[in-house]
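None of these values were measured; they are calculated from a predicted model. Keep in mind that the numbers below use all heavy atoms, side chains included, and drop hydrogens, waters and symmetry copies.
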Amino acid sequence: MHCLAAGLRLPTNALDYTILVLYFAVVLGVGFAARASVKTSLDFFLSGRSLPAWVTGLAFVAANLGALEILGMAANGAQYGVYTVHWYWVGAIPAMVFLGLVMMPFYYGSKVRSVPEFLLHRYGPASHVLSSVIFSIASVLIAGVNLYAMAIVVEALLGWPQWVAIVVAGLFVLVYITLGGLSSAIYNEVLQFFVILAALIPLTVVGLRRVGGFGGLKDSLVASHGDNFVSAWGGTGIGSANPLGANWLTIVLGLGFCLSFGYWTTNFAEVQRALSARNLSAAQRTPLIAAFPKMFIPLIVVVPGLIALVLDPKIGSTTSGLQYNDAIPLLMSELLPNGVLGLAVTGLLAAFMAGMAANVSAFNTVFTNDIWRAYLSRGRPDGYYLLTGRVVTAVGVLAGMGTAFIASSFSNIMNYLQTLFSFFNVPLFCVFIIGMFWRRATAPAGFWGLLLGTVSAMINYFWFYRAGVISIPSDQGANFVSAIVAFVVGGVVMTAVTPFTRPKPAESLAGLVYGTTAPGVAEPPAPGDEAWYRRPAVLGWSALVLAALCYIPFSL
């Protein structure tokens with residue numbers, strides 16, 4: 001397994017370790033406190049659907065702001081430049097708004113406990129089993145990436161052996177999720193969100209001072225990498241060459257539509273946070289509240305990657321000894337004093353645990369409810385499934401430890417992560433969105449669209465791209481193309497299969513297809529929900545406008 005450079009070892013002292021120990025104590029305290037509220041399987045898997053919107057909203061963004069996001073997007077910044085902001089303003093905000101305004105009424109209104117369960121109601125058991133298995137595998141793989149990312153950082157910065165970092169951090173996640181279930185994960189994610197900000201903001205501010213502010217940063221990068229490297233859209237014309245290896249069409253369709261909507265609207269690790277909200281209004285506002293802090297995250301994640309490139313222009317090259325993944329640790333080792341250093345290390349550990357916990361809690365819910373309860377062990381008392389969920393949590397953590405080694409072959413872990421999303425999330429989104437808007441779509445069409453969409457993305461990546469059959473300039477460009485292929489193939493297969501198969505009865509589609517309403521779904525607005533800041537439509541349109549404005553200074 002790849003290690004960070006030994007020269008990144010931090011001069012940590014007792015103060016830094018004290019901050020770290022205090023944080024771990026608080027995390028376990030939250031787990032023990034949440035244990036009292038876990039009495040049923042619904043409490044364990046969905047917090048009894050009782051949490052307020054501001055809590056689920058912050059947990060929603062924190063679940064994504066894991067070690068992968070911090071290390072991976074900083075790596076993207078160092079490798080691809082300002083093009084990385086597309087992952088936020090076109091690759092996140094529109095999809096989060098769509099989830100809140102359009103899809104949450106279907107998820108929450110149907111009272112499903114997971115995304116695969118929605119496919120059970122819409123398409124039937126075959127699509128349900130396939131999507132459950134695919135999501136379970138993806139969750140374990142992504143959890144493994146979190147473990148790998150944290151292990152290499154802790155080994156390089158603190159000198160802990162990788163196996164120690166994996167075991168210690170994995171056990172803490174295991175303990176607090178096993179104790180308090182999703183509530184423990186969510187309340188810790190809210191805490192972790194603020195700890196992560198407290199770690200990254202000083203890193204960015206000190207780094208900018210070192211390179212002469214935004215002006216000095218831009219001048220240095222233009223001198224070394226050209227004008228397009230510091231422009232969001234420069235050089236993205238079709239046929240033009242740029243560091244990202246993608247043009248505006250593949251950015252908009254591959255990232256902005258297929259990958260983005262595939263991730264944010266069907267990835268249960270995110271949707272689960274919204275499903276735990278206390279009512280439909282709070283569930284809709286969950287991703288919309290999260291969209292506002294999300295659009296400013298590039299300032300504390302992407303910008304540090306650019307700063308690292310200025311401080312070490314050879315980072316990521318064969319002559320450097322540092323990979324792009326090393327951008328954040330490099331800044332920590334060079335810029336931060338003791339005390340702040342301990343806070344920064346704590347922030348990275350918090351980020352790791354947020355990402356790990358999100359995927360483990362989603363995995364235990366889907367495996368227990370959509371595989372074990374639905375097909376392998378039906379009709380047992382609720383306490384049995386609560387115990388099963390806790391056992392599956394341990395299995396998920398241990399499996400994540402095993403899959404951590406797969407990520408070691410990627411110098412930029414965000415490339416690996418986006419590859420997984422193009423394989424698993426995009427075909428699921430295709431089947432979901434077509435079934436939601438097309439009543440005629442049938443169960444066989446959903447199954448074959450999901451299966452062949454997934455297979456086609458893998459064929460495009462491993463056979464056409466990796467084997468050199470087609471030429472794509474970068475891994476990320478290949479991921480964008482794989483996402484488009486997965487969506488198109490899935491859609492074409494569904495369109496071709498549907499006319500030759502029998503649709504479900506119209507009455508069974510109530511609340512599952514756009515324009516229909518399930519009986520008893522409508523709910524009166526809660527007291528105070530008439531205020532403008534509680535209206536999902538106002539929040540959604542505000543987020544879209546603000547995201548569009550964010551592009552202006554990065555496109556001039």
Side-chain angles (χ1 to χ4, degrees), residues 95 114-120 122-145 250 253-255 257-271 359 362-363 366-367 370-371 399 403 406-407 415-436 438 441-467 469-470 472 475-498 501:
S114 68
V115 172
E117 187 177 348
F118 186 93
L119 292 185
L120 171 64
R122 177 61 184 88
Y123 291 111
S127 295
H128 179 226
V129 171
L130 180 61
S131 63
S132 299
V133 171
I134 287 175
F135 180 80
S136 297
I137 294 172
S139 296
V140 170
L141 288 172
I142 295 170
V145 184
T250 54
L253 291 182
L255 174 62
F257 179 67
C258 297
L259 277 171
S260 169
F261 279 68
Y263 176 80
W264 291 104
T265 66
T266 64
N267 181 26
F268 186 54
E270 298 292 338
V271 174
N359 284 284
F363 168 76
V366 168
F367 187 89
D370 295 287
I371 297 176
T403 61
I406 299 176
N415 288 344
Y416 173 57
L417 197 63
Q418 295 293 320
T419 301
L420 294 180
F421 292 156
S422 69
F423 291 170
F424 301 127
N425 290 98
V426 175
L428 181 59
F429 170 67
C430 172
V431 170
F432 194 105
I433 201 70
I434 290 176
M436 193 171 74
W438 189 23
T442 64
F447 173 81
W448 288 109
L450 180 59
L451 178 62
L452 295 181
T454 302
V455 171
S456 66
M458 293 180 176
I459 290 174
N460 178 77
Y461 187 83
F462 291 113
W463 186 12
F464 289 109
Y465 168 60
R466 281 295 180 93
V469 176
I470 59 175
I472 302 176
D475 285 347
Q476 288 292 10
N479 292 334
F480 296 166
V481 173
S482 294
I484 295 172
V485 168
F487 189 89
V488 170
V489 169
V492 169
V493 168
M494 289 191 68
T495 304
V497 171
T498 290
T501 50

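- In this structure, S422 contributes its side chain and A483 its backbone to no donor-acceptor pair below 3.5 Å.
- The two residues V271 and T265 make their nearest non-hydrogen contact at CG2-O, 3.7 Å.
- Between the S456 side chain and the G453 main chain, a donor and an acceptor come within less than 3.5 Å of each other.
- Contact annotation: the side chain of L428 approaches that of L119 to within less than 4.5 Å [non-hydrogen atoms, C-beta and beyond].
- Of the possible donor and acceptor atoms, one in the side chain of R122 sits under 3.5 Å from a partner among the backbone N and O of A441.
- Residues I371 and S136 form a side-chain contact, since some pair of their non-hydrogen atoms from C-beta on lies under 4.5 Å apart.
- With no hydrogens or angles considered, a side-chain donor-acceptor pair links T501 and T442 at under 3.5 Å.
- Side-chain atoms of Y465 never come within 3.5 Å of backbone atoms of S482 as a donor-acceptor pair (strictly under, hydrogens ignored).
- In this pair, F429 and F257 present their aromatic rings perpendicular. The plane angle is above 60°, beyond the 30 to 60° band.
- No side-chain heavy atom of V115 sits less than 4.5 Å from a side-chain heavy atom of F135.
- Using a 4.5 Å heavy-atom cutoff, the side chains of L120 and D370 are not in contact.
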message: Apply ring-ring contact (aromatic ring centres under 6.0 Å, His included) to residues F423 and F462 and explain how you reach the verdict.
response: CA-CA 11 Å; F423 291 170; F462 291 113; 5.6 Å; yes
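- With contacts defined as side-chain heavy-atom distances shorter than 4.5 Å, the pair F421/V426 does not qualify.
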